[in-house]
Amino acid sequence: MENGLQKKYGLMTAIAMVIGIVIGSGVFFKAEKVLTATGGNLPQGILAWIIGGIIMIVCAYVFATMATRYEKVNGVVDYAEAALGSTYGYFVGWFMAAIYYPTLTSVLAWVSARYTCVLLGWNIVGGEAMAIAGFFLIGSYALNALSPNLAGKFQVSTTVIKIIPLALMAVVGTIVGLSNGVLVSNFTSGVIAEVTSNSPLFTAVVATSFAYEGWIIATSINAELKDAKKNLPLALTFGTLFVALLYILYYTGLAGAVSNSVMMKGGEAGAKLAFSTVFSNVGGTVLFVFVVISCLGTLNGLMMGCTRGFYSLAARDMGPAPKVLKCIDVNTNMPTNSSILGVLLSAVWLLYFFGANLTPVPWFGPFSFDSSELPIVTIYAMYIPIFIMIMAKEKSLHFVKRFIMPFLAICACVFMVIAAIYAHGKAVLFYLVIFCVIMIFGMIVNFKR
């Protein structure tokens, strides 16, 4: 079963993966949190979306530069290995496979179920939501493991579908809001509710990190992308710019649909309420079906990365049981064993997310943290040494690409880390305990091997 991954994806799949993974649940899931974090202060909320977008674009640009120079198995792991050696490459790869991919994939399975329940009028934290989340998780795994080409086509088609509700709300919502005065009122109303955070802007920016995250997962198909050194940088650059612009316009259009106070009270149904207000109940429901499809498209893109996480380590003869995990099925050209382990960890993290964030009393006490945000901030912290070494080692790059952009990317990453500390407080310390245990276990497994 062991052979090489084939070059089966083109530029459109790569662009669709960047846009499709990033756009999806986050912009709907976190829009209400951004508004709540700022107390309904719309300009500050838009500023948070702009800052989050700039951070994503700057980091993506630096990795796009790396993508033109290195092409192996899994982009971000390749870049970490090239910059700081095989040990750090394994460190990053183990984090991606054991924490990053499965935590985000599990959260996306629940978010997809969440909006399905909103559409059907069911409880978003009850047994129905968890059953649907489990179904979506297994279904996405089956699609990727059994037919990776179909999964790629699904990624492209859902990317097109998910742009529709965002673009319509961005245009129509803004026009409606300007004509009826709601948009102007929301912009000028200032803070209209109590702000619980000492740093509302930091809290809002960290919330946008979930909405903007996912672009780096597109590098997981590096080895399967045709002309990767050309197409991956194009996908990263175009995809992130497009996403940032669309998010800001959508958030503005949303503010033209309903007043900030109504949106904040709407909770998980806020987005559906806004769509129904602008496009009527029937039109709003149809567009909200598109929202659910967009969430499933994001889940599919995350699963594409999740199924390849342990393979990227095994292909380097690193990590647990590399001979087993680097086996590729001759029929599907997929790392089957790596896929099974990836979806199993996703199920474990889904159970954790439910017990830590959705139950009336958290199951894990002080070790209950938001697994939709803190792993994302962690990966930004891991980027910092890579960016530093780019400045030190990549002597053939011109001044802007070698110094200016990596320096800006370092500043962006440091900002995200500081913002997370302000936003999550003591929960960061308990998260770091779990993080260290998992990472130490990964290093021991690799060392004993």
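Everything quoted here is computed from the prediction, not taken from an experiment.
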- [ ] Please report the closest heavy-atom contact between Ser140 and Leu299, naming both atoms and the distance.
- [x] OG-O, 3.7 Å
TODO: Search all heavy atoms of Pro102 against all heavy atoms of Ser346 and return the closest pair with its distance.
DONE: CA-OG, 3.5 Å
Task: Test side-chain contact (heavy atoms from CB on, under 4.5 Å) applied to Trp122 and Ile132, step by step - done: CA-CA 11 Å; Trp122 294 350; Ile132 294 172; 3.9 Å; yes
- [ ] Determine whether more than 12 heavy atoms belonging to other residues, nucleotides or ligands lie under 6.0 Å from atom CZ of Phe435.
- [x] yes
Open item on the list: Does Phe364 have more than 12 heavy atoms from other residues, nucleotides or ligands lying within 6.0 Å of its CZ?
Closed with: yes
Does [X] reach the main-chain N or O of [Y] with its side chain, forming a donor-acceptor pair under 3.5 Å?
X: Asn337; Y: Val324; value: yes
X: Trp94; Y: Ile438; value: yes
X: Ser338; Y: Thr307; value: yes

In the structure I gave you, are the side-chain heavy atoms of [X] and [Y] within less than 4.5 Å of one another anywhere?
X: Val107; Y: Ser371; value: yes
X: Met303; Y: Leu108; value: no
X: Met389; Y: Pro385; value: no
X: Phe91; Y: Met443; value: yes

Task: Tyr247-Thr208 side chain donor-acceptor pair, cut-off 3.5 Å - done: no
Open item on the list: Check this for me, if you would: do Lys326 and Asp317 make a salt bridge, where the nitrogen-to-carboxylate-oxygen distance has to be below 4.0 angstrom?
Closed with: yes
Task: Stepwise side-chain contact (heavy atoms from CB on, under 4.5 Å) check, Tyr79 with Val92 - done: CA-CA 10 Å; Tyr79 311 149; Val92 172; over 6 Å; no
Task: CA sep, side-chain torsions, deciding dist, call: Phe367, Ile434, side-chain contact (heavy atoms from CB on, under 4.5 Å) - done: CA-CA 8 Å; Phe367 289 95; Ile434 296 177; 4.0 Å; yes
- [ ] Show your reasoning for whether ring-ring contact (aromatic ring centres under 6.0 Å, His included) applies to Phe63 and Phe387.
- [x] CA-CA 9 Å; Phe63 277 118; Phe387 295 149; 5.4 Å; yes
- [ ] Scan Val34, Ile50, Leu47, Ile51 and name whichever one has a side chain to side chain contact (heavy atoms under 4.5 Å, CB included) with Val205.
- [x] Ile51
Open item on the list: Run the side-chain hydrogen bond (donor to acceptor under 3.5 Å, both in side chains) test against Tyr88 and tell me which residues pass, sequence neighbours left out.
Closed with: none
Open item on the list: Asn357: which residues meet the side-chain hydrogen bond (donor to acceptor under 3.5 Å, both in side chains) condition with it, sequence neighbours left out?
Closed with: none
Open item on the list: Once ring pair (Phe, Tyr, Trp, His ring centres under 6.0 Å) is applied, do any residues pair with Phe202, and if so which ones, sequence neighbours excluded?
Closed with: Phe415, Tyr422
Flag the pair [X] / [Y] as yes when their ring centroid distance falls below 6.0 Å, and as no otherwise.
X: Phe95; Y: Tyr101; result: no
X: Phe353; Y: Trp110; result: yes
X: Tyr352; Y: Trp363; result: no

Open item on the list: For Thr378 and Tyr431: C-alpha separation, side-chain torsions, deciding distance, then whether side chain to side chain donor-acceptor pair (under 3.5 Å) applies.
Closed with: CA-CA 10 Å; Thr378 306; Tyr431 160 74; 2.5 Å; yes
